[in-house]
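These numbers come from the heavy atoms of this one structure, side chains and all, not from hydrogens, waters or symmetry mates. Chain letters run A, B, ... following the sequence lines, proteins first, then strands; residues in each count from 1. None of the values given here were measured: they were computed from a predicted structure.
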Protein chains: 2
Amino acid sequence: MSSNSRLTIATHILAWMALVETGRADPVTSERIARSVNTNPVVIRRLLGALARKGLVKSHRGANAGWTLATSADAITLSDIYRAVDDGSLFAMHASPPNQACPVGRGIQPVLTQVYDALDAVLQKQLAEVTIKDILDRILAKDR
Amino acid sequence: MSSNSRLTIATHILAWMALVETGRADPVTSERIARSVNTNPVVIRRLLGALARKGLVKSHRGANAGWTLATSADAITLSDIYRAVDDGSLFAMHASPPNQACPVGRGIQPVLTQVYDALDAVLQKQLAEVTIKDILDRILAKDR
DNA sequence: CCCTGTCGTAACAGTATTTGTTACAACGCG
DNA sequence: CGCGTTGTAACAAATACTGTTACGACAGGG
């Protein structure tokens, strides 16, 4: 599967922001975040933009600009992040439409759509049980 | 997400084979299957090859060659198919390794690996509850 | 009122993946 | 032997993902 790393990177970003904000709540810049994630600041800004569109973070401009969490770290779940940065289709239908003259070709797509929707619901439920705070706590717990 | 259609196509193939085999158990050719799926026979053979490696179908050569189901349609689950045709990694880790000098960069990968493994287990469990026979029954039930 | 630092986004390159296609050797039954 | 099909290699086109450069928009400080 050509899986992407957006959920991973976005979770990394938010966990890092949660850690930094435990000190003080100044906005952090995409450039600082990029150093922890080890990538380009534009990649960070793209993901933060997606997270901001779902209300998970806020951007600040002008002097002392940057980003802050919009809510507390235990109110953000991996399900929220997933829906912000991924389009949520695990499995694709046929690239070219199946033969409508065949009973299977005609009937399989609605059935698989139901199956895939159920899978997505289960996935969301599982993702919703993990918060950024959980992730950060587990990261720091290992650090001894 | 760049999802692929391999699970969809492989399920289509097996449901179609199950339907045809209810009549008689002659091997079917990749060329006939390709007509229902509406794609190239080589695409079908590639997927059947992956399914054969996991023991879900058998290939036959020589005269009257083709493919047959290795077991009954209610003994093949979507989990079996998924593991045969997909590599089973829903979410990728960082493309370039995170900064090891940062607590988050150092600790996040093992934590996310655990989370993703748990997700995969839930996904497999859900997929294992649907058989090819279920799929075919639901396809035919709609056909009235 | 300008200067500065950062956001937000467009544009593009490089790589990888997916699907479809052609080609061809290997196989095994009649 | 002759034939049809498998099994796989090789390649092309389309798409997706990550990283990168570039630059206008913005807002607060001096």
Side-chain angles (χ1 to χ4, degrees), chain A residues 1-10 12-13 17 26-35 37-54 57-68 70 84-99, chain B residues 1-10 12-13 17 26-35 37-54 57-68 70 84-99:
Chain A
M1 179 172 300
S2 73
S3 50
N4 62 53
S5 62
R6 284 198 293 271
L7 178 60
T8 294
I9 304 298
H12 185 148
I13 292 171
M17 287 175 71
D26 282 354
V28 295
T29 67
S30 59
E31 208 274 333
R32 280 185 69 197
I33 302 173
R35 270 200 290 273
V37 178
N38 187 27
T39 183
N40 192 289
V42 175
V43 174
I44 305 295
R45 291 206 290 271
R46 272 205 288 249
L47 288 170
L48 282 168
L51 296 171
R53 252 167 262 132
K54 296 285 183 175
V57 298
K58 286 181 190 159
S59 75
H60 307 268
R61 306 192 67 159
N64 202 8
W67 305 81
T68 51
V85 301
D86 261 321
D87 68 359
S89 58
L90 292 179
F91 302 112
M93 281 297 148
H94 306 62
S96 43
N99 184 352
Chain B
M1 178 171 302
S2 73
S3 51
N4 63 53
S5 62
R6 282 197 295 269
L7 179 60
T8 295
I9 304 298
H12 184 148
I13 292 172
M17 288 175 70
D26 282 355
V28 294
T29 67
S30 60
E31 209 274 332
R32 281 185 69 197
I33 302 173
R35 270 201 290 272
V37 177
N38 188 26
T39 184
N40 191 289
V42 175
V43 175
I44 305 296
R45 292 207 288 270
R46 271 206 289 251
L47 288 170
L48 282 169
L51 296 171
R53 250 166 263 133
K54 296 286 182 175
V57 297
K58 287 181 189 159
S59 75
H60 307 268
R61 308 192 68 160
N64 201 8
W67 304 82
T68 51
V85 301
D86 260 321
D87 68 357
S89 58
L90 291 179
F91 302 112
M93 282 296 148
H94 306 62
S96 42
N99 183 353

Would you mind reading off the distance between B:L47 atom CG and D:dT6 atom C1', rounded to a whole angstrom?
-> 15 Å
Nearest atoms (heavy-atom pairs only) where B:A52 meets B:W67 = CB-CZ3, 4.3 Å
Nucleotide D:dT21, atom P - distance to CD1 of A:I44 in whole Å | 15 Å
Phosphate-side-chain proximity, A:S5 and D:dT18, N/O vs OP1/OP2 below 4.0 Å | yes
Does A:T29 have any side-chain contact (heavy atoms from CB on, under 4.5 Å) partners at least two apart in sequence or in another chain, and if so, which?
-> A:E31, A:R32
Determine the sole option in A:I13, A:L7, A:I33, A:V57 for which the side chain to side chain contact (heavy atoms under 4.5 Å, CB included) test with A:L47 is passed.
-> A:I13
Under 4.0 Å between a side-chain N/O of A:S96 and OP1 or OP2 of C:dT19, yes or no?
-> no
Under 3.5 Å for both distances, Watson-Crick or G-U wobble, that's the pair rule; now give the dot-bracket for DNA chain C, with | marking pairs to another strand and [ ] for crossing ones.
-> ||||||||||||||||||||||||||||||
B:L90 atom CG is separated from C:dT17 atom C1', nearest whole Å, by 16 Å
In whole angstrom, what separates A:L7's CG from D:dT18's C1'?
-> 16 Å
Set out, line by line, the N/O atom pairs under 3.5 Å between protein and nucleotides 5-8 of chain C.
{"residue": "C:dC7", "atom": "OP1", "partner": "A:S30", "partner atom": "N", "Å": "3.1"}
{"residue": "C:dC7", "atom": "OP1", "partner": "A:W67", "partner atom": "NE1", "Å": "2.8"}
{"residue": "C:dC7", "atom": "OP2", "partner": "A:S30", "partner atom": "OG", "Å": "2.8"}
{"residue": "C:dC7", "atom": "O2", "partner": "A:R61", "partner atom": "NH2", "Å": "2.4"}
{"residue": "C:dG8", "atom": "OP1", "partner": "A:S59", "partner atom": "OG", "Å": "2.3"}
{"residue": "C:dG8", "atom": "N7", "partner": "A:R45", "partner atom": "NE", "Å": "2.8"}
{"residue": "C:dG8", "atom": "O6", "partner": "A:R45", "partner atom": "NH2", "Å": "2.9"}

First encountered from the 5' end of DNA chain D, between B:R53 and B:A92 | B:R53
Rounded off to whole Å, could you give me the CZ-to-P distance for the B:R32 and D:dG4 pair?
-> 17 Å
Polar side-chain atom of A:S3 near backbone of B:S89 as donor-acceptor pair, under 3.5 Å = yes
Could you walk me through whether B:M17 and B:L48 pass side-chain contact (heavy atoms from CB on, under 4.5 Å), step by step?
-> CA-CA 11 Å; B:M17 288 175 70; B:L48 282 169; 4.1 Å; yes
What integer distance in Å separates B:M93:CE from D:dT18:P?
-> 13 Å
side-chain N/O A:R6 vs D:dT18 OP1/OP2, d < 4.0 Å | yes
Is any side-chain heavy atom of A:D86 closer than 4.5 Å to a side-chain heavy atom of B:F91?
-> yes
note: B:H94, atom NE2; D:dG19, atom C1'; distance rounded to Å ~ 15 Å
Rounded to whole Å, the CD1-P distance (B:I33 to D:dG4) equals 19 Å
Does any N or O in the side chain of B:T8 come within less than 3.5 Å of the main-chain N or O of A:A92, such that one atom is a donor and the other an acceptor?
-> yes
Taking all atoms of both residues into account, what is the closest heavy-atom pair of A:V85 and A:R6, and its distance?
-> O-NE, 2.9 Å
C:dT9, D:dG19, D:dC17: which one has an atom nearest the side-chain heavy atoms of A:N4?
-> D:dC17
Write down the atom of A:S96, the atom of B:N38, and the distance for their closest heavy-atom approach.
-> OG-O, 3.0 Å
